[in-house]
Amino acid sequence: MSSAPRVRIAPSPTGYFHVGTGRTALFNWLFARQQGGSFILRIEDTDTARNRDEHIDGILRALEWLGLDWDEGPYYQSQRSHLYSSAIDLLIESGAVYACDCPPEEIQRRAKERGGPPGYDGFCRDRGLEPSSGRMLRFRVPAGESGFTDLVRGEVPKNNKDLEDFGVRKSNGDPLFILANVVDDADMSITHVIRGEDHVSNTHKYLLLWDALGYGEWPEFAHLPLLYNDQRKKLSKRRDKVAVEDYRDEGYLPEAMVNYLALLGWSPGAEREIVTREEMISGFRLSDVKSAGAIFDERKLQSVNSEYLRALPTDELVERAQAWLLGRWAPIAGLVQERARTLGEIYTLTDFLYRPDPVIDDAEWDKAVAKTPAFEALLSGVLTRFEQVEWDAESIQQAVVDAGRDAGVEQVGKAQAPVRLAVTGRPVGPPLWQSLEVLGRDRTAARIRAGLSRLHPGS
RNA sequence: GGCCCCAUCGUCUAGUGGCCUAGGACACCACCCUCUCAAGGUGGAGGCACGGGUUCGAAUCCCGUUGGGGCUGCCA
């Protein structure tokens, strides 16, 4: 194939955008960009019962968020039914398909009776039923072999006897996925079909149809290994967090998500983990894609995301976090930046600035503060000093150090602990002195007073 | 059940017959740094599923076993 490659991503409107679809889209996009080809978006909405406009909108926004721009489309299969109809007419004419009126229960019953494998048994093959409405259409699978060569996995053999007569049109007249898929790939001159491994067995049927329709030279195929959960099962909506929009909403950066997704099944080479888009485009090879599946590990995603977060100019970070929280935390943004793994986590680290009062866990308080008698004197010493010192990080630090010394708590690390818990409600967080400076003298003092009375509920 | 695919540390991977007493990253452990937590630094534990071949030589090639996965819809 000497002309510019044409590839496509063909999601169906299921209500969310699966990370696996995102990975497939990315690999298609990388291939197209590197080869100077076209990346085409086609919505596979032949199942009219499931279609919803907002689902389609979700697909477009997810693709945009990931930065995977398409060159053509979106095309909608629901608007191309005339193409499928004429293809079906052709198949009827040539006798490549036949009508079938077996109810699904009947097919199942016969399979059970037969004791053999489940699936259709060709019952209507030679009944000569008219292809009238109310009857589905099945492809008459010929004897022979339907093997093909896959760009990532090599030869994929198949004996046609292991293929049942699959449906190409529903009894309500709608085309089935496999038919629409083939017709559109031919019509759109798709040169490389890059999709998930769960489609390999569809490919044999695809090719049979392709030939029956006289489309000529086959496209190339590349089947990508699947993404699994930690149980090594295909990532599924039911058990797993699979929606790209969920990761977006938690504050993962699209560039980090793309980087992580690229690492699943492909590698930029030894000792590299963080890769720019340009490097991905220039280094990507379909032949380098692994054929074994990969587990989607959110901890690694977090780590990649942290790297991208820390690499951001701090003012840009503040800007991009606007959707999660207001900019009140900006003065300590640089300190928060290296501690947050997602934009959403920034709030956890800075919520003491946003809440009217800290939420203090009783058990935590008892363990970290109440058990140490000296901390009472420490806190009141801190309070006294806080009311007098200049309100800047350095003075705040000095006040805590001095109060600690007077209370017999020499180590600063120890002395800051009760102050931190009383004021922020958490045992850990960004550096305390700067945090208190931003919080302000009055709110800080009030919280320490509250801590003191927590020590002595009566007084 | 049938058909097909896959197999390097817990996870993602490098490795395409000698450079491998198998390298990196995440996660984990220890230490250093340090106002906590991170970040950073140093060190550590941890893997070629198993069994046969082929070869002077196998993580790399072949066969088998085991394990895992996918498909098997009038969903896509």
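Bear in mind that the values here come from a model prediction, so they are computed numbers and not experimental data. FYI, side chains are in, hydrogens and waters are out, and symmetry mates aren't considered; it's all heavy atoms of this structure. Numbers restart at 1 for each chain; the letters A, B, ... are given by sequence-line order, proteins then strands.
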C74(B) and C62(B): how far apart are their P atoms, nearest whole angstrom?
-> 38 Å
Is any side-chain nitrogen or oxygen of Thr46(A) closer than 4.0 Å to OP1 or OP2 of C75(B)?
-> no
Considering only U72(B), A38(B), A25(B), which nucleotide approaches the side chain of Glu164(A) most closely?
-> U72(B)
Decide, yes or no, whether a salt bridge links Asp406(A) with Arg385(A) under the criterion of side-chain N to carboxylate O below 4.0 Å.
-> yes
Considering just the side-chain nitrogens and oxygens of Lys205(A), establish if one lies under 4.0 Å of OP1 or OP2 belonging to C71(B).
-> no
Expressed as a whole number of Å, how far does the P atom of U8(B) sit from that of C3(B)?
-> 25 Å
Geometric class of the Trp391(A)/Phe386(A) ring pair [parallel <30°, tilted 30-60°, perpendicular >60°] = perpendicular
Just how far, in rounded Å, is C1' of A39(B) from OH of Tyr308(A)?
-> 18 Å
What integer number of Å spans the C1' atoms of A49(B) and U55(B)?
-> 23 Å
Using only side-chain N and O atoms of Arg232(A), determine if any of them is under 4.0 Å from OP1 or OP2 of G70(B).
-> no
Is there a donor and acceptor pair, one atom on the side chain of Ser201(A) and one on the base of C71(B), closer than 3.5 Å?
-> no
Look at all strands and tell whether Tyr228(A) reaches a base, only sugar-phosphate, or nothing, counting heavy atoms closer than 4.0 Å.
-> sugar-phosphate
Base, sugar-phosphate, or nothing: which does Arg310(A) touch, judged by heavy atoms less than 4.0 Å apart?
-> sugar-phosphate
Testing Thr46(A), Asp174(A), Asp45(A) for side-chain hydrogen bond (donor to acceptor under 3.5 Å, both in side chains) with Ser78(A), which one passes?
-> Asp45(A)
Identify whether any heavy atom of Lys414(A) sits under 4.0 Å from a base atom; if not, whether one sits that close to sugar-phosphate; answer base, sugar-phosphate or nothing.
-> nothing
Would you indicate what Arg426(A) reaches in the nucleic acid, counting non-hydrogen atoms under 4.0 angstrom: base, sugar-phosphate, or nothing?
-> nothing
Polar side-chain contact Glu197(A)-G69(B) base: donor and acceptor under 3.5 Å | no
Have a look at His199(A) and say if it touches a base, only the backbone sugar-phosphate, or nothing, with a 4.0 Å heavy-atom cut-off.
-> base
Geometric class of the Tyr206(A)/Trp210(A) ring pair [parallel <30°, tilted 30-60°, perpendicular >60°] | parallel
Tell me: CG of Leu137(A) to C1' of C74(B), nearest whole Å?
-> 11 Å
C1' atom, A58(B) versus U16(B): distance in rounded Å?
-> 12 Å
Just compare C35(B), G73(B), A14(B) and give me whichever is closest to any side-chain atom of Ser267(A).
-> A14(B)
So what does Gln434(A) touch, heavy atoms closer than 4.0 Å: a base, only the sugar-phosphate, or nothing?
-> base
Name the nucleic acid region contacted by Gln302(A), choosing base, sugar-phosphate or nothing; use a 4.0 angstrom heavy-atom cut-off, strictly under.
-> nothing
Take Glu345(A) and Thr348(A), measure what side-chain hydrogen bond (donor to acceptor under 3.5 Å, both in side chains) needs, and give me the verdict at the end.
-> CA-CA 5 Å; Glu345(A) 278 187 354; Thr348(A) 311; over 6 Å; no
Out of C35(B), C12(B), G68(B), whichever nucleotide has its closest atom nearest the side chain of Val412(A) = C35(B)
For Arg195(A) and Thr203(A), test the side chains for any donor-to-acceptor distance below 3.5 angstrom and give the result as yes or no.
-> yes
Between C50(B) and A45(B), how far is it from one C1' atom to the other, in whole Å?
-> 25 Å
Reckon Pro430(A) touches a base, only the sugar-phosphate, or nothing at all at heavy-atom distances under 4.0 Å?
-> base
Determine the interatomic distance between P on G44(B) and the same-named atom on A25(B); round to the nearest Å.
-> 13 Å
Below 4.0 angstrom from OP1 or OP2 of C71(B), is there any side-chain N or O of Lys234(A)?
-> yes
For the side chain of Lys300(A) and the base of A27(B), is some donor closer than 3.5 Å to an acceptor across the two?
-> no
Whole-Å distance separating the CG atom of Asp230(A) from the C1' atom of C26(B) | 15 Å
Closest to the Glu271(A) side chain, choosing from G24(B), C12(B), U72(B) = G24(B)
Flag the pair Asp230(A) and Arg239(A) as a salt bridge only when some basic side-chain nitrogen lies within less than 4.0 angstrom of an acidic carboxylate oxygen.
-> no
Using the P atom in both, what is the distance from G40(B) to C4(B), to the nearest Å?
-> 48 Å
With a non-hydrogen cut-off below 4.0 angstrom, is Asn159(A) in contact with a base, only sugar-phosphate, or nothing?
-> nothing
Nearest-Å distance, CG (Leu264(A)) to P (G69(B))?
-> 18 Å
Find which nucleotide of RNA chain B each of Cys100(A) and Gly269(A) is nearest to by heavy atoms, and output the residue with the more 5' nucleotide.
-> Gly269(A)
Measure the shortest side-chain to side-chain distance between Leu63(A) and Leu41(A) over non-hydrogen atoms and say whether it is less than 4.5 angstrom.
-> yes
Note: for Arg420(A) and Ala292(A) on RNA chain B, the residue whose nearest nucleotide lies more 5' is Ala292(A)
Presence of Arg195(A) side-chain N/O under 4.0 Å of A76(B) phosphate oxygens OP1/OP2 = no
Watson-Crick or G-U wobble partner for C50(B), using a 3.5 Å limit on both distances?
-> G64(B)
Has the side chain of Arg339(A) got a donor or acceptor atom sitting under 3.5 Å from an opposite partner on the base of U36(B)?
-> yes
Verify the distance criterion only: is there a donor paired with an acceptor across the side chains of Asp297(A) and Tyr260(A) at less than 3.5 Å?
-> no
P atom, G46(B) versus G70(B): distance in rounded Å?
-> 32 Å
Would you classify Gly167(A) as touching base, sugar-phosphate or nothing, given that sugar-phosphate means primed atoms plus P, OP1 and OP2, and contacts are heavy atoms under 4.0 Å?
-> nothing
A25(B): pairing nucleotide in any strand, Watson-Crick or G-U under 3.5 angstrom | U11(B)
Of the candidate nucleotides C75(B), A14(B), C35(B), which contains the atom at the shortest distance from the side chain of Lys290(A)?
-> A14(B)
Check the geometry between Trp433(A) and C35(B) and answer yes if their rings are stacked (centres below 5.5 Å, planes below 30°), otherwise no.
-> yes
Sugar-phosphate, base or nothing in reach of Arg42(A), heavy atoms under 4.0 Å = nothing
Selection from U72(B), C5(B), A76(B) that lies nearest to any side-chain heavy atom of Ser12(A) = A76(B)
Among U11(B), C5(B), C74(B), find the nucleotide with the atom closest to the side chain of Ile295(A).
-> U11(B)
Can you figure out which of C4(B), C75(B), C71(B) approaches the side chain of Val156(A) most closely?
-> C4(B)
Closest to the Leu176(A) side chain: C74(B), U36(B), C6(B)?
-> C74(B)
So does Glu164(A) pair up with Arg138(A), basic N to acidic O under 4.0 Å?
-> no
Pairing partner of A45(B) (Watson-Crick or G-U wobble, both distances under 3.5 Å) = none
Watson-Crick or G-U counterpart of C3(B), or none if no pair lies under 3.5 Å = G70(B)
Sugar-phosphate, base or nothing in reach of Leu263(A), heavy atoms under 4.0 Å | sugar-phosphate
Could you tell me whether Gly265(A) contacts a base, only the sugar-phosphate backbone, or nothing, with contacts defined as non-hydrogen atoms closer than 4.0 Å?
-> sugar-phosphate
Of the listed nucleotides C12(B), C71(B), U36(B), the one nearest the side chain of Ala294(A) | C12(B)
